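Working notes for the structure below.
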There are 2 protein chains.
Amino acid sequence: MHRVTLQDVAERAGVSMKTVSNVVRGYRHVSPAMRERVQTAVDELGYRPNRIGRNLATGRSRMLGLAFPDLRRPYFAELAHVFARVAEDRGYRLLLSETGGTEEGERAVLHDREAGIVDGLVMHPQALSAARLDEQRRGMHVVFLGEDPQPADTDQVAIDNVAAAEEAVRHLVASGRTRIGFLGHETGTLSRTSELRLEGYRMALAAAGLEHDPALLVPRSVGDAVDAEAALGAALDGGLRVDALLCREDLAAIGALRALRRRGLDVPGDVTVIGWDAIDLGESTDPSLTSVAPDTRALAERALDLVLERLDGFDGPGRHVTVGHRLVLRESAPAAER
Amino acid sequence: MHRVTLQDVAERAGVSMKTVSNVVRGYRHVSPAMRERVQTAVDELGYRPNRIGRNLATGRSRMLGLAFPDLRRPYFAELAHVFARVAEDRGYRLLLSETGGTEEGERAVLHDREAGIVDGLVMHPQALSAARLDEQRRGMHVVFLGEDPQPADTDQVAIDNVAAAEEAVRHLVASGRTRIGFLGHETGTLSRTSELRLEGYRMALAAAGLEHDPALLVPRSVGDAVDAEAALGAALDGGLRVDALLCREDLAAIGALRALRRRGLDVPGDVTVIGWDAIDLGESTDPSLTSVAPDTRALAERALDLVLERLDGFDGPGRHVTVGHRLVLRESAPAAER
DNA sequence: ACGACTCTTTACAGCGCTGTAAACTCGTAC
DNA sequence: GTACGAGTTTACAGCGCTGTAAAGAGTCGT
């Protein structure tokens with residue numbers, strides 16, 4: 001079971017190996033007659049290029065790493081899908097990795113370039129500090145997703161979390177809501193993303209002349225729907241009264257739907273709910289979820305632009321790109337009656 | 001920016017390249033003194049192996065392909081997570097690919113071995129026939145997931161769909177349900193998976209002495225929750241009366257919850273609902289979903305066992321492995337009152 | 001006619017690492 | 001003392017492909 005190599009084809013066609021390579025790669029300086037002759041031999045022998053040989057010779061794998069904390073979270077799975085599509089359009093494959101949101105996991109994916117497995121990396125960091133990220137990446141081209149602190153000379157892409165939160169809260173205010181809670185940020189140390197979303201939430205409350213009441217903030221310890229449900233349930237049972245909720249992510253919103261309904265509170269009548277991420281399943285919850293939808297296509301496009309420009313030799317300062325978002329209106333927070 | 005190679009370390013430590021390689025790979029026939037001397041040089045120079053060089057020399061990438069139709073479907077994203085973990089325990093990386101459920105997509109992943117990118121493949125086929133799969137794989141070691149028709153001498157892993165469906169229906173029967181519908185199979189040609197689940201459904205009905213009424217089958221054209229909701233909604237509005245539903249997958253069950261609630265039907269009181277796949281979010285729907293849960297851990301373990309045994313030289317006939325499942329009881333179909 | 005340029009093909013070396021086998025040393029058994 | 005086996009280190013060739021530069025032919029402009 002000997003694999004067919006360039007040399008085999010070269011012998012068959014009576015030309016040099018390099019000429020076979022030129023034909024297979026589509027190099028333009030090959031005569032039509034030669035191209036046909038070699039292609040015939042390629043077809044007869046069923047030659048298929050060995051990417052490993054090519055990768056070693058070129059020093060490029062044409063594969064990019066994409067690292068998320070956990071693929072089971074619908075938003076990340078859906079984002080991975082978009083990234084894979086965009087990368088494919090650019091002639092790249094994606095190697096998906098889960099970091100588990102741990103330092104060790106993040107450190108591991110940063111080493112993939114050194115191993116020659118990937119040419120660059122797009123990553124959603126969660127555990128490593130900016131200094132450690134910089135130290136561990138050792139020159140690897142990385143684009144960071146989100147707004148967590150990152151090394152100064154690296155590139156990142158994010159949505160404007162402050163503006164998006166403001167917009168969501170404004171929508172709730174326009175619907176006549178006055179006791180607007182926030183559900184789903186971390187119980188202990190806040191991630192930068194949570195900070196920004198809370199900042200936007202507070203700014204919009206202030207702009208609406210609503211007093212910010214810390215009692216309206218409901219954190220959770222684990223970022224899933226079950227934990228959000230429990231956290232909100234406990235708060236409601238402990239006397240929390242809200243007429244609206246901005247949730248840090250859709251999973252928290254889904255947990256909120258259960259917690260509210262279990263206590264006889266109607267959504268959106270008694271409590272209006274807005275999620276974040278606009279996952280596909282948000283269309284099929286009951287009520288369907290109004291949610292902040294990042295422009296995931298633009299996110300992927302920009303991120304890949306940035307990392308590929310680095311691969312092409314761009315050596316300028318780190319760039320911070322903000323992509324769009326919109327508020328997807330569904331049943332949990334319908335268009336305001338005006 | 002010259003990468004540090006085995007040769008650099010060898011010169012630094014005053015030994016041969018091969019000795020450095022032996023140390024780095026943990027080859028046992030190296031003296032402790034030599035090991036320490038080389039490791040010191042490795043650490044000083046910050047040497048990191050280039051996997052591409054190793055892959056070319058060994059003919060192995062230690063990467064396995066995992067191909068699903070669409071990562072956005074929660075079940076596949078969650079299964080991918082389990083596979084990645086199991087593969088990692090075995091010293092392999094996974095290269096995830098989406099086939100889009102198309103022949104072209106499936107054909108493309110079957111070629112990755114020839115390119116040298118992966119050593120083998122685990123795949124959930126949907127579009128290619130058994131004959132075309134056999135033709136296209138050209139000797140590549142593939143393990144197929146599910147029970148669709150596959151080449152005779154290949155390996156596959158699946159749960160017993162018939163038995164699982166029987167069990168689910170028995171649970172509904174034990175809850176006193178007599179008009180048990182099935183929601184979510186394909187509108188046109190049935191996949192083998194749907195056939196088997198329907199077969200188990202029918203067998204359990206017969207065993208319970210319940211007449212099988214074709215009007216109780218509600219197919220859908222697209223496999224998402226929105227389409228299932230529409231299909232069931234139309235059927236209910238067209239006069240369908242059921243007191244229970246077995247759904248082909250959890251997404252269909254989630255769609256069913258909305259359709260039923262929108263028509264004033266209570267779950268599980270008026271209609272008991274069972275889904276399939278036991279996705280994480282099934283715990284946070286309202287009511288939470290009772291669902292057939294494949295033993296995904298065993299699925300991943302067996303599938304990787306099979307493909308790795310092929311890589312190790314096993315050349316026997318194709319093996320069909322059935323792994324376990326269980327019925328996860330939640331609110332949509334609670335334990336029967338007995 | 002000569003020089004410059006473009007097109008075409010090819011020889012050569014190298015990308016980084018490993019498998020194989022040889023050479024050498026040491027310890028043990030007969 | 002000798003032979004054998006195990007441990008240790010190393011030389012060599014090769015895995016498949018590409019970049020670089022050279023060689024040769026043809027065309028065009030001066």
Side-chain angles (χ1 to χ4, degrees), chain A residues 1-39 41-42 45-63 111-119 313, chain B residues 1-39 41-42 45-63 111-119 313:
Chain A
M1 187 52 92
H2 152 76
R3 84 167 286 135
V4 181
T5 64
L6 283 183
Q7 186 58 36
D8 298 323
V9 180
E11 280 161 12
R12 179 89 169 212
V15 301
S16 77
M17 233 173 81
K18 183 69 189 191
T19 297
V20 178
S21 177
N22 288 337
V23 171
V24 166
R25 284 178 303 112
Y27 181 61
R28 67 180 187 147
H29 291 315
V30 179
S31 69
M34 174 65 77
R35 191 178 299 277
E36 180 169 344
R37 180 157 137 215
V38 171
Q39 192 59 49
V42 165
L45 291 177
Y47 168 75
R48 289 185 187 280
N50 179 337
R51 292 301 305 267
I52 304 302
R54 180 178 293 182
N55 293 350
L56 184 60
T58 61
R60 284 285 182 88
S61 64
R62 297 208 74 93
M63 197 179 281
H111 294 164
D112 276 349
R113 167 54 196 157
E114 287 170 319
I117 299 176
V118 299
D119 296 336
Chain B
M1 187 52 91
H2 151 76
R3 84 167 287 135
V4 182
T5 66
L6 283 183
Q7 187 57 38
D8 300 321
V9 179
E11 280 162 14
R12 178 90 168 211
V15 301
S16 76
M17 233 172 81
K18 182 68 189 191
T19 299
V20 178
S21 177
N22 287 339
V23 171
V24 167
R25 285 180 300 113
Y27 181 59
R28 68 181 188 146
H29 292 313
V30 178
S31 69
M34 175 65 76
R35 191 178 299 277
E36 180 170 342
R37 182 157 134 212
V38 170
Q39 192 60 50
V42 164
L45 292 178
Y47 168 75
R48 287 183 188 284
N50 180 337
R51 292 301 306 265
I52 304 302
R54 180 178 292 182
N55 293 350
L56 184 60
T58 61
R60 285 284 183 88
S61 65
R62 296 207 75 93
M63 196 180 285
H111 294 163
D112 275 351
R113 168 53 196 157
E114 287 170 318
I117 299 177
V118 298
D119 296 336

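Side chains are part of it too, since the values below use all heavy atoms of this structure and drop only hydrogens, waters and symmetry mates. Everything numeric here is computed off the predicted structure, so don't read it as measured data. Chain identifiers are assigned alphabetically (A, B, ...) following the order of the sequence lines, protein sequences preceding nucleic acid strands; residue numbering begins at 1 within each chain.
Counting heavy atoms from C-beta on, the side chains of B:R51 and B:R62 come closer than 4.5 Å. Taking the side chain as every heavy atom from C-beta outward, A:N22 and A:H29 never approach each other to under 4.5 Å. Side-chain atoms of A:R12 and A:V38, non-hydrogen and from C-beta on, never get closer than 4.5 Å to each other.
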- line: Quick tally for nucleotides 9-18 of chain D: nucleotides whose base has a protein heavy atom under 4.0 Å get B, sugar-phosphate-only ones S, the rest -, giving BBB--BBBBB
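Side-chain polar atoms of A:R25 and A:S21 form a donor-acceptor pair below 3.5 angstrom.
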message: B:S61 vs B:D119, test: side chain to side chain donor-acceptor pair (under 3.5 Å). Steps then yes/no.
response: CA-CA 6 Å; B:S61 65; B:D119 296 336; 3.2 Å; yes
